[in-house]
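Because only heavy atoms are used, hydrogens play no part in the values below, and waters and symmetry mates are left out as well, while side chains stay in. Proteins come first, then strands; the chains are lettered A, B, ... in the order of their sequence lines, and each starts at number 1. The shown structure was predicted, so the numbers you read here are calculated from the model rather than taken from an experiment.
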Amino acid sequence: MSFIQPRTMPGVMELLPLEQVAFQRMLDTIRRNYERFGFLPVETPVMEFTKVLLTKSGGETERQVYLVHHSGSLKQDEKPELALRFDLTVPLARYVAEHERKLNFPFRRYQIQRVYRGERAQRGRFREFYQCDIDVIGKDKLDLYYDAEIPAVIYNLFRELNFGKFTIHMNHRKLLAGFFAYLGIEEAEQQMLVLREVDKIDKRGREKVMETLLAEPFSLSSATVEKLMQFLETGNGRSNSETLAALREWDIQEPRWLEGLSELEQVFHQLARLDVPDDYLRLNLAIARGLDYYTGMVYETLLDDHLKLGSVCSGGRYENLAGHYTKSKLPGVGISIGASRLFFQLMDAGLVNLGQNIVKVLVTQMDDSLADDYLQITAALRAGGINTLLHVEGGKFQKQLKAADRAGIRFALIMGGSEKEQGVVTVKDLSKGEQHQFARDAMVEGINGLING
RNA sequence: GAGGGUGUAGCUCAGUGGUAGAGCUCCGGAUUGUGGCUCCGGUGGUCGAGGGUUCAAUCCCCUUCACUCUCCCCA
């Protein structure tokens, strides 16, 4: 008998139970913070009509879309009617356009679901992964306040996620566009290419990037490159307010520049009022976040002690969410956390605590003649809201403790003949090696005290 | 889409032209009511698959599959 090799397709993240517990915790924290800021949950189907998904078509995304058909449906040479979503923004656009009349604007939604991309397998890169998005969508216009609120969400969320110090890097697309126009680089396409090059400074080094920009196909003048670098490095060694002041000194009259600069000033002003400490924020003129549809503020969040992970949360402002589906103009601002990649990388870096089981107590079986008591104790603990497991298999007591320890169960409840006589139970805290005794009728309170204390 | 790398035990990897080892894991034990440490013992591999050279291939050659990395792009 030959077996089929049990394996998953590459590019999916399948976890062991305790890892899953840790991952779930992370998602819970994200959800809790999103809700605290008044975002409402939305879920959309994994599949959408291909027509709906591939509106903007072309380029990288289309190449990565999984098309779907069921076994009876496929007519040869016909593009399947359905496809798997590759992000949550396009489904959101469809959702908002479809339910426009029933939604309250500004519409705030959060969405934590999996998306699918036909990626080449690579470390930390998935074909199926979680995105945790929030967006605020306005009708016709959307107050700049929301652009400030976004970093406030990030700040509160990542504080609670507790991955150490982090920095929210911010930039403004209009400021960039204005500056490029000032440099004489008018075409958006060309700006994108230059920005992409600039984005590689960390990887390739400043000199290399400058060389590239001077050479074909960019062929920028050395004066232009000089100015560009000077601009991009404005924030280096400066506080955010100093950077803003330094930008003012350029004295550029390009309208987009002025608008971007003024918006940045307002956003930083409001962020201070929202109690987001300035050292968690950084006006970084060099970040440009790929996605072309951003038109205003852009955000990237980096963990200070793990810069290699890259941005763990990014997003920005866009002019019109659902132009393909409705006449209404729907500007928005939002962010996305790639939870699967983030979790995977944190696990890789040893930053995920995998020791904690959601099961808190293992009721051990010291004495077979007390089996009925163990059943009652187990039921009582569960009734008291404590996640409890009964080690019905019994066996050597040592092995029972070992089983609890290995499973990451913190407490072992022990009751042998002597406890039975005294009407008490012994609770061993395996994480500390301490033992406590509680009266049978006070054990729930006692254990809860240990869990919370 | 372009270019590299690697396939030997559950995991991480050694190794030799004469059909294989280590560490970790796992299982059992070290006086029968106390885990993690230590010690002892044990399970476990058609050496990715197919073909070729050879008396003989895990090792050499060819093919293939799988995995993986970089670029691209992104979460």
Can you figure out which of [options] approaches the side chain of [X] most closely?
X: A:R406; options: B:G28, B:G36, B:C26; answer: B:C26
X: A:S418; options: B:G33, B:G36, B:G28; answer: B:G33
X: A:F129; options: B:C27, B:A75, B:G33; answer: B:A75
X: A:F397; options: B:C73, B:U34, B:C27; answer: B:U34

Mind checking [X] for me? I need base, sugar-phosphate or nothing, with any heavy atom below 4.0 Å counting as a touch.
X: A:Y130; answer: nothing
X: A:K402; answer: sugar-phosphate
X: A:E419; answer: base
X: A:T426; answer: nothing
X: A:I414; answer: base
X: A:Q435; answer: base
X: A:G433; answer: base

How far does the [atom1] atom of [N] sit from the matching atom of [M], given to the nearest Å?
N: B:U43; M: B:C55; atom1: C1'; answer: 36 Å
N: B:U8; M: B:G15; atom1: C1'; answer: 9 Å
N: B:G21; M: B:G5; atom1: C1'; answer: 25 Å
N: B:A30; M: B:G35; atom1: C1'; answer: 16 Å
N: B:C24; M: B:G51; atom1: P; answer: 38 Å
N: B:A56; M: B:C40; atom1: C1'; answer: 39 Å

*Candidate list A:F344, A:F163, A:F23, A:F343, test side-chain contact (heavy atoms from CB on, under 4.5 Å), partner A:V352, passing option*: A:F343
I want to check one thing: is the phosphate of [N], taken as OP1 and OP2, less than 4.0 Å away from some side-chain N or O of [X]?
X: A:Q398; N: B:G35; answer: yes
X: A:R196; N: B:C72; answer: no
X: A:R410; N: B:G35; answer: no

Rounding to an integer number of Å, can you tell me how far [X] [atom1] sits from [N] [atom2]?
X: A:L413; N: B:U34; atom1: CG; atom2: C1'; result: 13 Å
X: A:L16; N: B:G10; atom1: CG; atom2: P; result: 16 Å
X: A:F344; N: B:C74; atom1: CZ; atom2: C1'; result: 16 Å
X: A:L195; N: B:C73; atom1: CG; atom2: P; result: 12 Å
X: A:K399; N: B:G36; atom1: NZ; atom2: C1'; result: 16 Å
X: A:M366; N: B:U34; atom1: CE; atom2: P; result: 7 Å
X: A:E128; N: B:A75; atom1: CD; atom2: C1'; result: 14 Å
X: A:Q422; N: B:G33; atom1: CD; atom2: P; result: 18 Å

Watson-Crick or G-U wobble partner of [N], both distances under 3.5 Å:
N: B:A66; value: B:U6
N: B:G17; value: none
N: B:C37; value: none
N: B:U46; value: none
N: B:U32; value: none
N: B:A56; value: none
N: B:A22; value: B:U12

*Please confirm whether A:K165 makes a cation-pi placement over A:Y280, using NZ or CZ under 6.0 Å from the six-membered ring centre and within 45° of the ring normal.*
yes
*Is A:R94 positioned over the aromatic face of A:Y325, cation under 6.0 angstrom from the ring centre and no more than 45 degrees off axis?*
no
*Measure the acute angle between the ring planes of A:H99 and A:Y95, then classify it against the limits of 30° and 60° as parallel, tilted or perpendicular.*
perpendicular
*asked:* Classify the ring geometry of A:F166 against A:F158: parallel below 30°, tilted from 30° to 60°, perpendicular beyond 60°.
replied: tilted
*Any donor-acceptor pair under 3.5 Å between the side chain of A:R125 and the base of B:C73?*
yes
*Quick one: does A:R117 reach the base of B:C74 with a side-chain donor-acceptor pair under 3.5 Å?*
no
*asked:* As a quick check of understanding, evaluate side-chain contact (heavy atoms from CB on, under 4.5 Å) for A:L183 and A:F179, giving each step before the final call.
replied: CA-CA 6 Å; A:L183 289 181; A:F179 186 78; 3.4 Å; yes
*asked:* Quiz question: by atom type and distance under 3.5 Å, do the side chains of A:Q437 and A:T426 form a donor-acceptor pair?
replied: yes
*Is a side-chain N or O of A:Q400 found less than 3.5 angstrom from the main chain of A:Q365, in a donor-acceptor match?*
yes
